[in-house]
**Q** 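So that we are looking at the same thing, I have put the structure below in structure tokens.
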Amino acid sequence: MNELVVNDLSKEFPARGEPLVVLRGVSLRLGAGENAAIVGPSGSGKSTLLSIIGGLEPPTRGRVELAGDDPWQMDQRRLAQFRNTRVGFVFQDHYLLPQCSVMENVLLPTLASGGPSADTVARATMLLERVGLAARREHRPAELSGGERQRAALARALINQPLLVLADEPTGNLDRTSAQNVAELLLELQRLENTILVVVTHSRRLADMMQRRWELNDGRLEELAA
Ligand code: ADP
Ligand code: MG
């Protein structure tokens, strides 16, 4: 089953004196096609939680399972593959490579598994059409607006058909109109591809668009009433 299960996750960062405890027994479960927002004050551990789920930062204790696989039980090679193929990341900054075209940027995640094929180029073309950038495929990121760059980042996140999309403040740098547009595309693509979507956001508007909402506070995750 394409399910995300997070079970009793804790995270401590070493510090002089007492370790910094960021997550204290966080659990959640989401099925394919489900989307959720995680809100909470700055410094409450939202980015840390996404990093652990996405295979970027190890937990101190607890389990993550995506479609039955725990990234933190994998060796380095399989973990890298997990990050590259099972998870699509969208950050507040687009992290597009300035020297590459939009099309090349979207195809970048395919390089780890042999580079672009006719299929992946067709998929990139479809995704760029979906996000309204078909006519901008040969442009460099610097020639795009902030909203367009973030839309290219969405297409890149989805190129390898991930089971899970993790978005950390995806609209945080955008004006209201572009933010709304990116939020709608994020949900549209999530439905189209039947992925699991977890969005960390300060935006009440974006959080309210999701099916479920959790709040992270003092290291604990609590589901908010629908
Ligand atoms: P949020 O995304 O909710 O703003 P973060 O997950 O970025 O919060 O950070 C939560 C806490 O963990 C903060 O106090 C931050 O300083 C600390 N932190 C995050 N990453 C590290 C790290 N690599 N080393 C030490 N402390 C960290
Ligand atoms: Mg953060």
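Note that ligands are numbered from 1 as they come in the structure, with each ligand's atoms numbered from 1 the same way.
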**Q** For atom CD of E143, is the number of surrounding heavy atoms from other residues, nucleotides or ligands below 6.0 Å larger than 12?
**A**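 Buried by this count: over 12 neighbours within 6.0 Å.
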**Q** Would G40 count as a contact of ligand 1 if the rule is a heavy atom under 4.0 Å away?
**A**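 The answer is no: ligand 1 sits nowhere under 4.0 Å from a heavy atom of G40.
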**Q** Does the protein place a non-hydrogen atom closer than 4.0 angstrom to atom 27 (C) of ligand 1?
**A**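 Yes, because at least one protein heavy atom sits under 4.0 Å from atom 27 (C) of ligand 1.
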**Q** Relative to the ring of F91, is the ring of F89 parallel (under 30°), tilted (30 to 60°) or perpendicular (over 60°)?
**A**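 Plane angle under 30°, so parallel.
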**Q** Less than 4.5 Å apart, side chain to side chain, heavy atoms only: is that true for H139 and E148?
**A**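 No, their side chains stay 4.5 Å or more apart.
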**Q** Just to be sure I read this right, does ligand 1 sit under 4.0 Å from the backbone of P41, its side chain, both, or neither, counting only heavy atoms?
**A**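 Near ligand 1, P41 shows its backbone, while the atoms from C-beta on stay back.
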**Q** For ligand 1, note which part of L20 has a heavy atom under 4.0 Å away: side chain, backbone, both or neither.
**A**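 The part of L20 near ligand 1 is the side chain, not the backbone.
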**Q** Do side-chain atoms of Q190 reach the backbone of E34 as a donor and acceptor pair under 3.5 angstrom?
**A**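 Present.
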**Q** So, for atom 24 (N) of ligand 1, does the protein have a heavy atom nearer than 4.0 Å?
**A**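 It does: a protein heavy atom is found less than 4.0 Å away from atom 24 (N) of ligand 1.
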**Q** For atom 9 (O) of ligand 1, which protein heavy atom lies nearest, and how many Å away is it?
**A**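 Nearest protein contact, heavy atoms only, for atom 9 (O) of ligand 1 is T48 OG1, 3.8 Å.
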**Q** Around atom CD of Q76, are there more than 12 heavy atoms from other residues, nucleotides or ligands closer than 6.0 Å?
**A**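 No, because the 6.0 Å sphere around CD of Q76 holds 12 heavy atoms or fewer from other groups.
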**Q** Going by the order shown, which atoms of ligand 1 are within less than 4.0 Å of some heavy atom of V22?
**A**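 Answer, ordered by atom number: 10 (C), 11 (C), 12 (O).
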**Q** Compare all side-chain heavy atoms of T60 with those of F13 and state whether any distance is below 4.5 angstrom.
**A**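 Sidechains of F13 and T60: no contact.
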**Q** Could you work out, for atom 8 (O) of ligand 1, the closest of G219, S51, G45 by heavy-atom distance?
**A**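 Heavy atom nearest to atom 8 (O) of ligand 1 belongs to G45.
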**Q** Spell out, as yes or no, whether a donor-acceptor pair under 3.5 Å connects the side chain of R220 to the backbone of G25.
**A**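 Pair absent, no side-chain N/O of R220 close to backbone of G25.
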**Q** So is F13 polar-close to ligand 1, meaning N/O to N/O under 3.5 Å?
**A**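 No; every N/O pair is 3.5 Å or more apart.
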**Q** Can you list, by chain and residue number, the hydrophobic cluster partners of V39 when the side-chain cut-off is 4.5 Å?
**A**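 Hydrophobic cluster check, V39: joined to L224.
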**Q** Can you check whether G43 has an N/O within less than 3.5 Å of an N/O in ligand 1?
**A**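 Yes, at least one N or O pair falls under 3.5 Å.
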**Q** Please check if the side chain of E57 supplies one atom and the backbone of T48 the other of a donor-acceptor pair under 3.5 Å.
**A**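 The answer is no, because no donor-acceptor pair under 3.5 Å joins these two groups.
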**Q** Just checking R130: does its CZ atom have more than 12 heavy atoms from other residues, nucleotides or ligands closer to it than 6.0 angstrom?
**A**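 No.
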**Q** Check each atom of ligand 1 against the heavy atoms of S42 and keep those under 4.0 Å away; list them by number with element.
**A**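 Once the distances to S42 are compared, the set is 4 (O).
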**Q** Look only at the side chain of K46 and the backbone of P41, and say whether a donor-acceptor pair between them is shorter than 3.5 Å.
**A**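 Side chain of K46 to backbone of P41: a pair is present.
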**Q** Between ligand 1 and K46, is the shortest N or O to N or O distance under 3.5 Å?
**A**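 Among all N and O atoms of K46, at least one is under 3.5 Å from an N or O of ligand 1.
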**Q** List the closest protein heavy-atom neighbour of atom 7 (O) of ligand 1: residue, atom name, distance to the nearest 0.1 Å.
**A**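 Going by distance alone, atom 7 (O) of ligand 1 is nearest to S47 CB, 3.8 Å.
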**Q** Examine distances only and state if a side-chain atom of R213 and a backbone atom of A207 form a donor-acceptor pair shorter than 3.5 Å.
**A**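 The answer is yes, because a donor-acceptor pair under 3.5 Å joins these two groups.
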**Q** What protein N/O/S atoms are found closer than 2.8 Å to the Mg ion (ligand 2)?
**A**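 Protein N, O or S atoms closer than 2.8 Å to the Mg ion (ligand 2): S47 OG.
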